[in-house]
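These notes are about the structure you will find just below.
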Number of protein chains: 2
Amino acid sequence: MDIEARPPQTTQQYVLEQLRRAILTGQLAPGSAIRQDALAEQLGVSRVPIREALKILEGEGQVIYRPRRGYMVAELALEDFLEVYRIRQILEEEAVRRAIERITDEDIQRLQDAHADVVAAGQAGEIIAMAAANRRFHFTLIDAAGMPRLRRFLSILWDASDVYRSLYYSEESNRERVEHEHQGIIDAVRARDTEDLIRRLGEHREGTVATFREFMAKQDT
Amino acid sequence: MDIEARPPQTTQQYVLEQLRRAILTGQLAPGSAIRQDALAEQLGVSRVPIREALKILEGEGQVIYRPRRGYMVAELALEDFLEVYRIRQILEEEAVRRAIERITDEDIQRLQDAHADVVAAGQAGEIIAMAAANRRFHFTLIDAAGMPRLRRFLSILWDASDVYRSLYYSEESNRERVEHEHQGIIDAVRARDTEDLIRRLGEHREGTVATFREFMAKQDT
DNA sequence: CGATTGTATTTTGGATCCAGTATTACTTGT
DNA sequence: ACAAGTAATACTGGATCCAAAATACAATCG
């Protein structure tokens with residue numbers, strides 16, 4: 001027997017999850033200071049696991065740290081967002097180039113399943129679930145590249161730029177666009193057509209960026 | 001007046017520096033376990049700042065963490081190295097494309113200065129100084145792109161793939177090659193010739209990778 | 001003699017406590 | 001009334017202590 005040992009869930013991992021979630025949903029607003037012992041009390045743990053979770057987020061660039069001043073949630077201005085998104089696109093492009101050469105039918109099935117989850121969550125209006133399924137969709141493709149470090153970086157970039165997602169998905173028209181583009185991506189993968197796939201990913205990105213520009217413009221008024 | 005406050009050096013930052021250095025020079029060999037209180041005693045601090053520094057390195061992917069088992073220095077097999085290097089190249093390419101449009105004469109001067117430092121350190125046989133100057137050379141160019149997050153990722157990737165550098169630079173022939181290629185890069189920047197610059201960076205990378213293949217092959221015997 | 005279970009030791013994870021620094025509020029002087 | 005200096009407060013950084021989990025070792029049973 002060779003049973004995979006379940007890695008035990010430590011408190012810091014729990015805290016890390018909670019922090020990620022709070023940042024993603026905007027409960028911890030970008031730019032706001034993070035008070036360690038308030039958080040500790042709120043989560044019912046001591047300050048130590050809080051500090052360690054914050055250190056990981058610091059390494060990932062999701063929070064800003066200034067010695068003796070504490071942590072704040074990193075802000076994402078439009079131009080920062082565009083920068084992160086641009087990096088994501090470059091890396092994802094590299095990943096899918098490799099992925100399309102090695103992807104199996106089961107992977108494609110998973111892709112299709114993840115897409116179905118996106119649609120279902122969208123119709124149910126469950127924003128968090130939709131963001132999660134969307135992530136799974138993209139990373140199914142990325143995983144097929146078999147480049148673990150590239151995957152890691154994309155994962156961090158994803159988290160870092162997913163901050164405003166919840167607002168973004170709430171618009172009906174965006175959901176439809178995403179659904180349509182995803183299906184196109186799946187088709188291109190099925191056909192093993194690299195250039196078409198790259199083109200579709202590019203369009204997917206441009207659609208997203210355009211939507212964001214509108215969104216930010218609306219915010220400013 | 002808007003003076004930037006000097007951030008005080010905390011113990012964890014000191015520990016972090018020491019750990020980075022130990023990993024870079026190979027004192028902490030890839031794959032070896034990191035014993036927390038041994039380190040704490042050695043550096044004359046408590047275990048707390050050690051743990052927090054390790055958390056940052058975990059976020060950067062330089063050490064592997066398993067709950068309740070501790071940390072190990074991440075191993076870099078040849079294929080891992082190639083993967084990291086490939087990512088670096090892609091991102092550096094994006095950076096220099098932007099950089100060449102915005103770079104100033106002062107930046108170019110700094111580039112030339114950094115290159116001079118590389119040569120000087122090389123002749124003096126100071127490997128660590130040479131690695132540092134080489135890093136400065138590349139990041140002078142990257143900084144000119146004005147993409148702070150991209151810069152951050154490149155910085156992490158650089159550290160992660162710099163592990164074997166000390167061995168690498170010790171060979172005379174490599175030093176000469178690096179010097180020659182750097183000068184070519186500077187010339188291309190001066191001429192604002194993007195395509196030539198990209199081409200030269202690609203060659204620079206290929207030369208490095210080829211050298212590494214030889215090096216690893218020698219190691220295996 | 002080998003394997004398995006129980007025990008001791010080592011090492012990490014978390015809590016509490018203390019010290020040093022930054023921020024805020026208040027007081028005092030002009 | 002406003003500014004500057006000072007005192008009070010709040011929060012972070014680090015050390016020590018304790019608990020829990022993993023590993024190493026030994027003893028016992030088949």
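Since we're looking at a predicted model, the values are computed, not measured.
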- Task: Among the candidates dT11(C), dA15(C), dG14(D), find the nucleotide nearest to the side-chain atoms of Val48(A).
- Result: dA15(C)
- Query: dT11(C) phosphate, OP1 or OP2: any side-chain N/O from Arg35(B) under 4.0 angstrom?
  - Reply: yes
- Message: Strictly below 4.0 Å: does Arg66(B) bring a side-chain N or O up to OP1 or OP2 of dT12(C)?
- Response: no
- Query: Going by modelled atom types, is there a donor-acceptor pair between the base of dG13(C) and the side chain of Arg47(B) at under 3.5 Å?
  - Reply: yes
- Nearest to side-chain heavy atoms of Arg68(A), which nucleotide of dG14(C), dT12(C), dG13(D): dG13(D)
- Note on the structure: Taken to the nearest whole Å, OH/Tyr71(B) to C1'/dT10(C) is 17 Å
- Check each of Glu52(B), Glu41(B), Gln36(B) against Arg47(B) using the side chain to side chain contact (heavy atoms under 4.5 Å, CB included) test, and report the only one that passes. Gln36(B)
- Task: Decide, yes or no, whether a salt bridge links Asp113(B) with Arg110(B) under the criterion of side-chain N to carboxylate O below 4.0 Å.
- Result: no
- Query: Does the side chain of Tyr65(A) get closer than 4.0 angstrom to OP1 or OP2 of dG13(D) through an N or O atom?
  - Reply: yes
- Roughly, in whole Å, what's the span from CD in Gln36(A) to C1' in dT16(C)? 15 Å
- Message: I'd like to know if Glu17(A) pairs up with Arg21(A) as an ion pair, taking the criterion as any Lys NZ or Arg NE/NH1/NH2 lying under 4.0 Å from an Asp or Glu carboxylate oxygen.
- Response: no
- Task: Can you check whether any acceptor in the base of dG14(C) is under 3.5 Å from a donor in the side chain of Arg51(B), or vice versa?
- Result: yes
- Whole angstrom value for the distance that separates P of dG13(D) from CD1 of Ile34(A): 12 Å
- Message: Let's see if you can work this out: which of dG13(D), dT12(C), dG14(C) has an atom nearest to the side-chain heavy atoms of Ser46(A)?
- Response: dG14(C)
- Task: Could you tell me whether Glu58(B) and Lys55(B) make a salt bridge, using a distance below 4.0 angstrom between a side-chain N and a carboxylate O?
- Result: yes
- Message: Counting only side-chain heavy atoms from C-beta out, which of dT12(D), dG14(C), dG14(D) sits nearest to Thr10(B)?
- Response: dG14(D)
- Query: Between dT23(D) atom C1' and Met72(B) atom CE, what is the distance in whole Å?
  - Reply: 16 Å
- Is any side-chain N of the basic residue among Glu179(A) and Arg175(A) closer than 4.0 Å to the acidic one's carboxylate O? no
- Message: Side chain of Arg69(B) only, heavy atoms from C-beta on: which candidate in dA15(C), dT12(C), dA22(D) is closest?
- Response: dA22(D)
- Item | Atom-pair distance (OH on Tyr14(A); C1' on dG13(C)), nearest Å | 17 Å
- Task: Could you check how far CD of Glu52(A) sits from C1' of dG13(C), rounded to whole Å?
- Result: 8 Å
- Note on the structure: In whole angstroms, the gap separating C1' of dT12(D) from NZ of Lys55(A) amounts to 10 Å
- Task: Measure the distance from CD1 on Ile50(B) to P on dG13(D) and round it to the nearest whole Å.
- Result: 16 Å
